Amino acid sequence: MKMSKLFVQTLREYPNDAEAISHKLLVRAGFIKKLANGIYTYLPLAQRVLTKISNIVREEMDASGAQELLMPFVQPAEIWQKSQRWQKYGKELLRCEDRHGNQMCLAPTHEEVITSVVSGIATSYKQLPLNLYQIQTKFRDEIRPRFGLLRGREFIMKDAYSFHTSQKDLEREYEVMAQTYTNIFKRCGLETKAVQSDSGAIGGAVSHEYMVLVDTSVGENDVFYCDCGYSANSNHAISILNKEETNGNFKEEKIVDTPNTKTIEELAKFLNIEPDCILKAVAYIADSKPVIAMIRGDKEIEETKLMNALNALEIRPMENDEVIEYLNSYPGFISHRDVDSSKVRVLFDNSAKGMKNFVLGANIKDKHITGANLEKDIEFVDISLVKEGELCPICHKPLKKTKGIEVGNIFQLGTKYSSPMNACYTDEQGQLKPYIMGCYGIGVSRTMAAAIEKYHDEHGIIWPIAIAPYHVDIVPVNCDDEEQMKIASDLYDKLQKLNIEVILDDRKDRAGVKFKDADLIGFPIRITVGKTISEGLVEFKIRKTGEVIKLSPDEAIEKCKEILLN
RNA sequence: CGGGAUGUAGCGCAGCUUGGUAGCGCACCUCGCUUGGGACGAGGGGGUCGCAGGUUCAAAUCCUGUCAUCCCGACCA
């Protein structure tokens, strides 16, 4: 491709509305253009990268035995009603009507469709197991799209669905997919960590997320991990306290005045005690019903874990007036005592177990109880957010914390979709059985952005070779110089014949412009044809290391082959 | 949906306080000159100042409403 013909316009400055470096660079280097919030055009450079990632995904998926298909992007409400997700999915599911007034939606995922597709075709156990995948646009009307392609509303996803006759066979396929995913990301030049995670709205029991570990806020997930191999998303990490027992050392239980101590910090300061000697009550509305979660004062509720413990679909913190209405209590002074247990559900976090002679709300404004102790026969659950320094549930060493960008995930769904949708096969005994399913996603467009987050410098993007839009950028310093142009064109032709993807920067601009663009766009190799041709040499520069070697044109071709064709 | 900020040419911005011909840099077009890290000169094209009302002789500027975008908290590939 000649640079003068490439449909691209690089910018001198970063766009104002971008925060994440991948977003800034994708716009500035001319890879994407925003149409609306969270909705982008992939310009030719980006499309090439996406194609490369997609092809790697295809090769590895095909090698694993999966088959590619393509499902509809616009879907009727009916199948979503069948799986009961028409109600549950919420506003992320963008709904619309067709001309006949039928309710439709834009696909955020394809469990419903694939289930209905397979149930009409794979009617016998003999046709199982199956693993089907597609690479397609998805639409999720995100609450807050941000960071460019890292969280768009429209994005490209590879989604795969597997169908089995037993949990054991699902688990076998799950392992196959785990290995396939590791291979895919490795080939894309990305190291990933598979972490245990909550399975969320997609549902199911076991799931792992593939995280690219980063140290910036664009890593929207907190990941806890241990050298022993344990790793988990914070919404799923098991909390093992590094300090199990706390004692407030109050000799007897009594009610004390604690004016204006609505927060744990204020209360701890007022009573001159540690926060971990206070039993904190956090009130929620879960599926329209009031809930109090009791937790040690230095710990926080992890709402996903709480939601799972309650088996709830939706939770939100209780408003102040609801505290008064439902609990007959006051915000900041709530206690689990005296609540009507037929109306209000009370949960105790594990962290409350080792507390003695602690401080507790008195259900009276500006009053707490000191020297309280827990009643007998309380059940404890794990609903807290892990704190740094807490212990690994496997080996009990302190956990480490980092941030991650989720580029893929794998789920064991079981019969979550097949049962309600009545999607069955006939087994060896002639019995109808629901499929046991798994599903496996990769954010293709997000992977592109994650690669930039991981590989860039102050000059621009540094593409891993496997997903670079072009491999080599040939820069004749002066396009009016016939000898330079001849050597450059010759190199261009020869490299193209070797199926090396090459750009010839034939623009009339000065060299500096071309060098800046080469660095910004991030071609892995740049060959400069300039003053050194008097010695019969060109300059061979590697973007990643900045290393420059002077070589003859033929040697430069050999060097390209060595780097690119292995 | 709550809290904060911003909307003026493709991009980055000034002008608004104190109303009076819509500007600058980059990018784009033409000519010249230049050619090793975003040159220079001359000329040129492009904007209903987010949108809708209102105040006024007159609104980018003041008032009201509205929409959009971005950042911080509840989601997920």
Side-chain angles (χ1 to χ4, degrees), chain A residues 9-20 23-24 27-28 30 33-34 36-38 53 57 89-93 108-110 135-160 181 197-202 207 209-212 217 220-221 233 235 284 301-304 307 314-317 319 404-411 439-450 459-460 475-481 484 507-520 526 528-533 539 541 548:
Chain A
Q9 179 63 267
T10 58
L11 304 174
R12 287 285 276 270
E13 286 161 289
Y14 284 124
N16 188 28
D17 61 357
E19 177 80 2
H23 187 193
K24 288 180 174 176
V27 173
R28 188 172 160 201
K33 186 168 156 75
K34 182 165 78 177
N37 192 13
I53 296 170
V57 168
Y89 215 102
K91 288 189 173 174
E92 271 188 41
L93 182 65
T109 176
H110 278 77
I135 297 172
Q136 197 207 32
T137 296
K138 297 277 184 278
F139 194 93
R140 294 185 189 171
D141 200 358
E142 291 283 344
I143 302 163
R144 183 143 99 88
R146 58 181 150 175
F147 302 142
L149 298 189
L150 286 171
R151 178 169 298 281
R153 292 195 292 172
E154 186 176 299
F155 59 97
I156 298 172
M157 178 174 169
K158 187 282 305 186
D159 45 328
Y181 273 36
S197 66
D198 182 67
S199 39
I202 307 258
S207 77
E209 293 170 337
Y210 284 75
M211 299 281 188
V212 173
S217 68
E220 298 185 85
N221 300 273
N233 191 311
N235 67 17
Y284 289 93
I301 297 288
E302 166 39 56
E303 293 186 1
T304 304
M307 204 148 73
E314 189 183 29
I315 63 166
R316 63 171 172 86
E319 306 286 342
I405 300 169
E406 184 190 351
V407 288
N409 66 18
I410 57 178
F411 290 91
C439 76
Y440 318 91
I442 289 178
V444 173
S445 45
R446 181 183 278 180
T447 297
M448 173 165 76
H459 303 293
V475 179
V477 168
N478 182 354
C479 290
D480 292 332
D481 182 314
Q484 284 183 22
R507 293 177 298 175
K508 303 281 182 201
D509 294 88
R510 294 162 68 91
V513 174
K514 303 183 194 181
F515 293 157
K516 289 284 184 191
D517 276 344
D519 289 346
L520 182 60
R526 192 183 85 202
T528 308
V529 182
K531 60 194 175 192
T532 54
I533 57 165
E539 280 160 284
K541 184 171 184 183
V548 180

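On a predicted model such as this, the values are computed, not experimentally measured, just so you know.
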Peer 1: Using the P atoms only, state how far B:C16 lies from B:A60, rounded to an integer number of Å.
Peer 2: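 That atom pair is separated by 14 Å.
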Peer 1: For nucleotides 1-11 of chain B, give me every protein contact, N/O to N/O, under 3.5 Å, one pair per line with atom names.
Peer 2:
none

Peer 1: Taking the nucleotide of RNA chain B with the nearest heavy atom to each, does A:Arg446 or A:Glu19 sit closer to the 5' end?
Peer 2: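 Counting from the 5' end, the first nearest nucleotide belongs to A:Glu19.
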Peer 1: Does any nucleotide pair with B:G73 by Watson-Crick or G-U wobble geometry, both distances under 3.5 Å, and what is it?
Peer 2: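 B:C1 is the nucleotide pairing with B:G73.
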Peer 1: Would you mind telling me which of B:G38, B:A77, B:C72 lies closest to the side-chain atoms of A:Phe147?
Peer 2: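 Per side-chain heavy atoms of A:Phe147, the pick is B:C72.
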Peer 1: How is A:Lys34 classified with respect to the nucleic acid when contacts are heavy atoms under 4.0 Å: base, sugar-phosphate, or nothing?
Peer 2: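 Answer is sugar-phosphate: A:Lys34 comes under 4.0 Å of backbone atoms only.
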Peer 1: Take atom C1' in B:G20 and the same atom in B:U30, then report the distance between them in whole Å.
Peer 2: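 To the nearest whole Å, 36 Å.
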Peer 1: Answer with base, sugar-phosphate or nothing: what part of the nucleic acid does A:Gly148 contact at a heavy-atom distance below 4.0 Å?
Peer 2: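 Nothing, no heavy atom under 4.0 Å.
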Peer 1: Where along nucleotides 32-37 of chain B does protein come under 4.0 Å, by heavy atom, of base (B) or sugar-phosphate alone (S), with - for untouched nucleotides?
Peer 2: --BBBB
Peer 1: Taking the six-membered ring of A:Phe155 (Phe, Tyr or Trp), confirm whether the NZ or CZ of A:Arg446 is under 6.0 Å from its centre and within 45° of its axis.
Peer 2: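 Cation-pi check for A:Arg446 and A:Phe155: fails.
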Peer 1: Could you check whether the side chain of A:Arg151 and the base of B:C76 have a donor-acceptor pair of N or O atoms closer than 3.5 Å, going by distance alone?
Peer 2: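 Flag set: donor-acceptor pair detected.
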Peer 1: Could you check whether A:Ile410 gets within reach of a base, just the sugar-phosphate, or nothing at all, counting any heavy atom under 4.0 Å?
Peer 2: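 The answer is nothing, as A:Ile410 stays clear of every strand by at least 4.0 Å.
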Peer 1: Taking any heavy-atom pair under 4.0 Å as a contact, classify A:Asp159: base, sugar-phosphate, or nothing.
Peer 2: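 Since no nucleic acid heavy atom lies under 4.0 Å of A:Asp159, the category is nothing.
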Peer 1: Assess the side chains of A:Glu209 and A:Asn233: does a donor N or O sit below 3.5 Å from an acceptor N or O?
Peer 2: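 Checked: A:Glu209/A:Asn233 side chains pair up, N/O donor to acceptor below 3.5 Å.
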Peer 1: Assess whether one donor atom and one acceptor atom, taken from the side chain of A:Asn37 and the base of B:C70, lie less than 3.5 Å apart.
Peer 2: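 No, no donor-acceptor pair under 3.5 Å.
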Peer 1: Which is true for A:Gln9 with a 4.0 Å heavy-atom rule: it touches a base, it touches only sugar-phosphate, or it touches nothing?
Peer 2: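 Sugar-phosphate contact only.
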Peer 1: Provide the Watson-Crick or G-U wobble partner of B:C51, both distances under 3.5 Å; none if there is no partner.
Peer 2: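 Across all strands, the one nucleotide that pairs with B:C51 is B:G65.
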Peer 1: Is a side-chain N or O of A:Lys34 found less than 3.5 angstrom from the main chain of A:Gly148, in a donor-acceptor match?
Peer 2: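 Answer holds: no.
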Peer 1: Can you find a side chain N or O atom of A:Arg140 that sits less than 4.0 Å from OP1 or OP2 on B:C76?
Peer 2: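 It does not, given that no N or O in the side chain of A:Arg140 lies less than 4.0 Å from OP1 or OP2 of B:C76.
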Peer 1: A:Met211 CE to B:C76 P: how many Å, rounded?
Peer 2: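 A:Met211 atom CE is separated from B:C76 atom P by 13 Å.
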